[in-house]
Amino acid sequence: MIVLKRGQATDKNIKAIVDQIEKSGLKSHIVRGELDAIVCVIGDESDKEELFKILSTYSFVERVTPVQTNIGYKIVARENLPEFRGNLHTVKFKIGDVEVGNGKPIVIAGPCAVQSKEQTVEIAKQVKAAGANMLRGGAYKPRTSPYGFQGLREEGLKILAEAKKITGLPIVTEVVDPRDVELVGKYADVLQIGARNMQNFPLLTEVGKYAAKHDKGILMKTAHGLPTIKEVLCSAEYLAYNGARKIMLCERGIAVKTASIRNTPNPLFLRELREHTFLPVFGDPSHSSGDARFVTSTADSYLQACANGLIIEVRRDDEKPTIDGNAVCDFEQSLPMTQFREYMDSLKSRKIL
Ligand code: PEP
Ligand code: MN
């Protein structure tokens with residue numbers, strides 16, 4: 001890992017380091033804050049002493065340090081970038097016109113699944129009017145039963161494209177199969193990796209490579225079980241290792257059922273993730289609580305635990321429990337639009353870290 005001197009992290013200096021690394025047959029990943037930058041070396045560094053010797057002679061290099069790989073991740077580790085050490089700041093980046101990590105909570109809202117054009121476009125217009133920053137909606141759904149509604153697939157993606165054209169909202173949508181990454185990526189601004197796929201390493205690899213090549217965002221959910229901080233960050237490292245730069249994590253609750261609640265929200269885990277990584281972290285109060293009655297209070301607890309944003313499932317006020325013969329996906333946990341609008345109003349003056 002090469003740490004640049006503060007104030008000297010210019011494009012030109014970074015390029016000189018990257019070129020040198022590439023000349024020796026290795027790849028690199030750049031992490032940039034506001035003040036500092038590091039270049040992580042990707043690949044087998046074992047016999048590259050010559051390379052590190054050359055790099056340490058550059059006047060703008062502060063130091064060249066081998067990073068321990070025993071924790072399994074290094075690119076996404078907070079402690080490696082001096083500027084992020086000992087605080088809770090995150091990197092900033094843009095998804096379309098939306099800046100993530102700038103101290104305002106980012107809200108991604110929309111239906112659980114794209115189930116018809118009319119439903120998706122109407123919800124998109126309403127969440128936009130309420131102040132949402134991005135539109136969510138699954139065109140490919142990971143379903144427990146093969147008989148469950150699997151999503152409208154490409155037709156669903158086209159509906160999302162239509163909703164984006166009308167509202168201008170960037171699209172967040174899930175990809176469940178490495179073979180679909182190209183197709184989903186054509187329509188998505190942010191590719192979502194679902195909880196069930198947090199450790200689907202071939203999928204993480206494909207999505208990471210695609211996002212790197214096409215400058216896409218990724219929203220990776222935490223797994224259903226009891227993932228450790230290390231497991232979540234190793235999965236994020238797969239994305240970064242393959243070149244992705246705009247990575248967002250998302251706490252979506254653990255599959256422990258208390259009373260009637262579908263899962264158990266874990267805002268403290270979100271908070272702890274923030275301590276270990278500078279990647280922005282979102283909370284998902286819809287899947288973690290599983291009940292519309294608890295969505296806004298759960299959302300608040302995520303914001304108090306330092307979430308950079310929220311992903312919330314919403315439905316129209318008068319939505320029927322079925323659309324075209326299919327049950328509305330996650331109806332019971334979707335926030336009716338009026339309540340969503342009220343919640344968005346309550347966030348207007350809210351500042352976050
Ligand atoms: C979703 O966001 O639609 C979803 C399926 O979530 P999760 O992967 O967290 O279950
Ligand atoms: Mn859902």
Side-chain angles (χ1 to χ4, degrees), residues 27-29 40 42-44 72-76 93 95 108 110 112-114 134-161 164 170-225 227-228 230-252 255 277 279-282 284 287 311 329-330:
K27 287 187 170 176
S28 56
H29 188 107
C40 295
I42 313 275
D44 184 7
Y73 60 91
K74 58 179 181 180
I75 308 172
V76 304
F93 50 74
I95 305 290
I108 304 167
C112 173
V114 176
M134 298 189 221
L135 178 68
R136 64 149 290 144
Y140 292 80
K141 298 301 297 176
R143 300 312 294 273
T144 304
S145 163
Y147 303 111
F149 171 63
Q150 305 285 320
L152 296 181
R153 302 170 189 234
E154 191 167 3
E155 188 197 333
L157 294 172
K158 289 187 173 147
I159 293 173
L160 287 168
K164 178 177 173 178
I171 301 298
V172 181
T173 196
E174 180 165 354
V175 57
V176 297
D177 187 327
R179 292 167 297 188
D180 296 327
V181 172
E182 288 274 338
L183 178 64
V184 176
K186 269 210 294 194
Y187 296 89
D189 298 283
V190 176
L191 292 129
Q192 181 175 320
I193 295 179
R196 293 157 187 82
N197 280 315
M198 188 197 91
Q199 290 194 314
N200 181 338
F201 304 117
L203 181 67
L204 296 172
T205 300
E206 282 313 304
V207 172
K209 282 185 185 162
Y210 185 88
K213 192 162 163 207
H214 300 278
D215 196 31
K216 299 281 181 182
I218 302 173
L219 182 79
M220 189 192 80
K221 302 265 198 111
T222 51
H224 273 179
T228 60
K230 176 178 163 169
E231 283 164 347
V232 174
L233 294 185
C234 281
S235 291
E237 186 86 3
Y238 263 94
L239 302 171
Y241 178 88
N242 284 291
R245 291 171 298 274
K246 300 176 176 178
I247 305 167
M248 295 162 268
L249 307 177
C250 178
E251 205 296 308
R252 53 85 68 216
T277 183
L279 297 176
V281 188
F282 283 63
D284 177 345
H287 291 89
I311 178 165
C329 198
D330 284 348

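By convention here, the first residue in the shown sequence is residue 1.
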If we ignore hydrogens and angles and just use 3.5 Å, is the side chain of Gln150 paired with the main-chain N or O of Gly148 as donor and acceptor? yes
Give the minimum heavy-atom separation between Glu237 and Gly72, together with the two atoms involved. CG-O, 4.0 Å
Distance-minimising heavy-atom pair for Val114 and Gly137: CG2-C, 4.0 Å
Could you walk me through whether Leu152 and Lys158 pass the side-chain contact (heavy atoms from CB on, under 4.5 Å) test, one step at a time? CA-CA 10 Å; Leu152 296 181; Lys158 289 187 173 147; over 6 Å; no
Just wondering, are more than 12 heavy atoms of other shown residues or ligands nearer than 6.0 Å to OH in Tyr241? no
Under the side-chain contact (heavy atoms from CB on, under 4.5 Å) criterion, do Arg153 and Tyr140 qualify, and how do the steps go? CA-CA 5 Å; Arg153 302 170 189 234; Tyr140 292 80; 3.7 Å; yes
Quick one: CG on Asn242 to CD1 on Ile42, what's the gap to the nearest 0.5 Å? 8.5 Å
Are the side chains of Lys141 and Cys112 in touch, meaning some heavy atoms are under 4.5 Å apart? yes
Using modelled atom types and a 3.5 Å cut-off, is there a donor and acceptor pairing between side-chain atoms of Glu206 and backbone atoms of Arg179? no
Rounded distance (nearest 0.5 Å) linking atom OG1 of Thr173 with atom CG of Leu219: 11.0 Å
Taking the side chain as C-beta and beyond, is there a heavy-atom pair between Val172 and Pro170 under 4.5 Å? no
Beyond-backbone contact of Lys221 with His287, side-chain heavy atoms, under 4.5 angstrom: yes
Would you mind telling me which of Ile218, Leu279, Asp215 makes a side-chain contact (heavy atoms from CB on, under 4.5 Å) with Lys246? Asp215
Please assess Val184 against Val176 for the test side-chain contact (heavy atoms from CB on, under 4.5 Å), listing each intermediate value before the final yes or no. CA-CA 10 Å; Val184 176; Val176 297; over 6 Å; no
Are any of the side-chain heavy atoms of Leu160 and Tyr187 separated by less than 4.5 Å? no
With Tyr210, which residues qualify under ring pair (Phe, Tyr, Trp, His ring centres under 6.0 Å), at least two apart? His214
Pairwise side-chain contact, Leu239 with Ile193, heavy-atom cut-off 4.5 Å (strictly under): yes
Begin with the C-alpha distance, continue with both residues' side-chain angles, and end with the deciding distance and a verdict on side-chain contact (heavy atoms from CB on, under 4.5 Å) for Ile311 and Gln192. CA-CA 11 Å; Ile311 178 165; Gln192 181 175 320; 3.9 Å; yes
Using modelled atom types only, decide if a donor and an acceptor are shared between the side chain of Arg143 and the backbone of Phe149 within a distance under 3.5 Å. yes
Give me the one residue out of Met134, Arg136, Lys164 that meets side-chain contact (heavy atoms from CB on, under 4.5 Å) with Ile171. Lys164
Rounded to the nearest 0.5 Å, what's the gap from CG on Leu183 to CD on Glu154? Could you check? 4.5 Å
Which atom pair, heavy atoms only, marks the closest approach of Gly110 to Leu135? CA-CD1, 4.1 Å
Looking at residues at least two apart in the chain, or sitting in another chain, which of them share a ring pair (Phe, Tyr, Trp, His ring centres under 6.0 Å) with Tyr238? Phe201
Nearest heavy-atom neighbours spanning Ala244 and Ala212: N-CB, 3.9 Å
Ignoring hydrogens and geometry, is there a side-chain-to-backbone donor-acceptor pair from His29 to Ala240 under 3.5 Å? yes
Check whether any side-chain N or O of Asn197 sits under 3.5 Å from a backbone N or O of Asn200 as a donor-acceptor pair, and report yes or no. no
Side-chain heavy atoms of Met248 within contact of Ile95, under 4.5 Å: yes
Closest heavy-atom pair, Asp284 versus Cys250, reported as atoms and distance to 0.1 Å, is CB-SG, 3.7 Å
Only residue of Arg252, Glu231, His224 satisfying side-chain contact (heavy atoms from CB on, under 4.5 Å) with Met198 is Glu231
Side chains of Leu203 and Val181: does their closest heavy-atom pair fall under 4.5 Å? yes
